[in-house]
Amino acid sequence: MADSSAVPNAYLDVLAAQTARRAATARPLDSAYAGAPEAAHAALAGHVDGLGDDLVALATDLHDHPELAFAEVRSAGAVAGLLRRHGLAAEVGVHGLATAVRAEVVTPGFDPARHRTVAVLAEYDALPGLGHACGHNVIAATAVGAVLGLRATLPAAGVEGRVVLLGCPAEEGHTGKEYLARAGALDGLDAAVMVHPYGADVADQVWLGRRVLSATWTGASAHASASPFAGRNALDAASLAYQGIGLLRQQTPPVDRVHAVIVDGGDRASVIPSRARMDLYVRSPFPETLADLSRRVDDVLHGAARMAGVEVDVAWDTHPPSLPVRANGPLTGRWSVAQQRRGRSPYPPGVVSETFAASTDFGNVSYRLPGIHPLIGIADLDAALHTVEFAAASRSPAAARAAVDGAYGLAAVALDLLADDELAAAVREDFEAAGGALDVAGFFG
């Protein structure tokens, strides 16, 4: 009998290590850190609430004019325009991306050696055929509201620091934040925060790492009736690979995902197909397990080629991979406190099943520096992301409320981090305990 203990299992190894780290650094979601004074939070809430009409108008405008990844010209302009109308300089076309936006709030006494910098991230791209069915219009409004609220609050509160609004193109099906990171957009930051609309308020939910690939098999065509033995069927290889992936799922954790479509399998039934192509997504909850699952999928694709007697070319990562999100514990606690001030009660980690797991390029940020990516409710859980129902929810009264509540929440977390040295030390300690910074660009070779 084979010794199963000799089989490498990256998932179990990483899960054990992560569990130990989380147990050692766990802190309650209501967080005992002082943060900024209550008077500063009260002032911040007043400033953000005063922006409410503008934030809802921005979210509505973006919803009504959806633009796809890397083509968010009008959307980037709308984000920058609202910032400028409130007196904050905003630049469009930064860090090598034409639709990226950057604006900064810098207090007069800011010293990078003594004070901290927090980035608030915005998204504003939409989905083909579905528009803002992921609520990025709300994400943009929360980020703008947070930065403008902090601009009005920091001087009077006596809090020194720098706040950066970073408008991030191309999250849907791409990794705009990775391109920004490689161009230096995250340099000098101590933390990054953003919030995503969802079917519930969740402080920390599982987000999977994702790789995108295509496999092209090349064989030899032949007449399917007169001389099928003279051909080498590329569609057979694609079919074998599709079935092999289905069987592979039996030996992967339930949270792992592999999905595929055969996009080319020949033109005529009477001709043995000499070419076939499959497009695939591979997802997993840790960088190490994503790498492990990638190797196993690659083996399936090449194994199918050998069985069919054809050649295969596997092209990984047309755009850079998305890593899983690694949420920072102390920052998550401050988010929960802030949302409780707004009458919300975010679920702690583990309440919403990891079955509801998608991917986001914010994961690439969270493995470079401390960050959070909580969820804010605008619908019920049965209104899933990337559906017409969620597109409608992202223009609803609940979405309007979330735009303001989320703006305050992000601003409150940033305010606390800028004001509280003890919290800042805990944030860094949690980040290092979780493994510290990863070489994201070079992780998959």
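Between the side chains of H319 and E178, not a single donor N or O lies within less than 3.5 Å of an accepting N or O. Counted by atom type alone, R326 and S366 present zero donor-acceptor pairs between their side chains at under 3.5 Å. Donor-acceptor pairing under 3.5 Å is lacking for the side chains of H95 and Y179. For the 3.5 Å distance criterion, the side chains of D256 and S284 qualify, holding a donor opposite an acceptor.
Between L375 and P346 the shortest side-chain heavy-atom distance does not fall below 4.5 Å. Within the 4.5 Å cutoff, the side chain of R151 has no heavy atoms near those of the V163 side chain. Using a 4.5 Å heavy-atom threshold, the side chains of T142 and L410 count as touching. With a 4.5 Å cut-off on side-chain heavy atoms, R210 and T175 count as touching. D49 is listed as a side-chain neighbour of V404, based on a closest heavy-atom distance under 4.5 Å. Contact annotation: the side chain of V118 never approaches that of D190 to less than 4.5 Å [non-hydrogen atoms, C-beta and beyond]. The closest side-chain heavy-atom distance from T289 to L293 is not below 4.5 Å. Contact annotation: the side chain of D416 never approaches that of Y33 to less than 4.5 Å [non-hydrogen atoms, C-beta and beyond].
Applying side chain to side chain contact (heavy atoms under 4.5 Å, CB included) to V193 and the options V413, L121, V365 leaves one that passes, V413.
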Is there a side-chain contact (heavy atoms from CB on, under 4.5 Å) between N137 and D61 once you walk through the steps?
-> CA-CA 8 Å; N137 60 314; D61 180 59; over 6 Å; no
Evaluate the criterion side-chain contact (heavy atoms from CB on, under 4.5 Å) for residue pair L186 and L166; output intermediate values, then yes/no.
-> CA-CA 9 Å; L186 306 183; L166 191 60; 4.2 Å; yes
Residues E171, I139; criterion side-chain contact (heavy atoms from CB on, under 4.5 Å); working and verdict | CA-CA 12 Å; E171 188 277 335; I139 295 175; over 6 Å; no
Evaluate the criterion side chain to side chain donor-acceptor pair (under 3.5 Å) for residue pair D125 and H174; output intermediate values, then yes/no.
-> CA-CA 10 Å; D125 61 323; H174 301 81; 5.8 Å; no
Yes or no on side-chain contact (heavy atoms from CB on, under 4.5 Å) for H196 and C134, after CA distance, side-chain angles and deciding distance?
-> CA-CA 8 Å; H196 198 295; C134 208; 3.3 Å; yes
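Salt bridge status for R74 with E67: absent, with no side-chain N to carboxylate O gap under 4.0 Å. Here D292 pairs with R295 in a salt bridge; the nearest charged N to carboxylate O distance falls below 4.0 Å. By the 4.0 Å N-to-carboxylate-O rule, D361 lies close enough to K177 to be salt-bridged with it. Note on D421 versus R114: no salt bridge recorded, every NZ/NE/NH1/NH2 to OD/OE distance being 4.0 Å or above. Using a 4.0 Å cut-off between a side-chain N of Lys or Arg and a carboxylate O of Asp or Glu, R342 and D405 qualify as a salt bridge.
Taking CG from L385 and CG from L130, the interatomic distance works out to 11.5 Å, rounded to the nearest 0.5 Å. F110 CZ to R116 CZ: the interatomic distance, rounded to the nearest 0.5 Å, is 10.5 Å. Summarising the geometry, atom NE2 belonging to H136 is positioned 11.5 Å from atom OG belonging to S75; distances are rounded to the nearest 0.5 Å. Atom CD of E172 is separated from atom CD of E72 by 10.0 Å, given to the nearest 0.5 angstrom. The line from CZ of F443 to OH of Y367 is 8.5 Å long, rounded to the nearest 0.5 Å. For the atom pair T360 OG1 and L208 CG, the distance stands at 11.5 Å (nearest 0.5 Å).
Within 6.0 Å of CG in D299 there are more than 12 heavy atoms belonging to other residues, nucleotides or ligands. Around OH of Y242, the count of heavy atoms belonging to other residues, nucleotides or ligands within 6.0 Å does not exceed 12.
At distances below 3.5 Å, at least one donor-acceptor pair connects side-chain atoms of D430 with backbone N or O atoms of G329. Counting only distance, with no hydrogens or angles, the side chain of S396 and the backbone of A393 share a donor-acceptor pair below 3.5 Å. Using modelled atom types, one side-chain atom of D201 and one backbone atom of G377 make a donor-acceptor pair closer than 3.5 Å. Although no hydrogens or angles enter the test, the distance criterion places no donor-acceptor pair under 3.5 Å between the side chain of R334 and the main chain of A412. Remark: side-chain polar atoms of D264 are not paired, donor with acceptor, to backbone N or O of R277 under 3.5 angstrom.
Taking the ring centre of Y281 as origin, the terminal cationic atom of R257 falls outside the region bounded by 6.0 Å and 45° from the ring axis. Taking the ring axis of F444 as reference, the NZ or CZ atom of R211 stays within 45° of it and closer than 6.0 Å to the ring centre.
Note on ring orientation: taking the six-membered ring where Trp is involved, the planes of H373 and F362 are tilted (angle from 30° to 60°).
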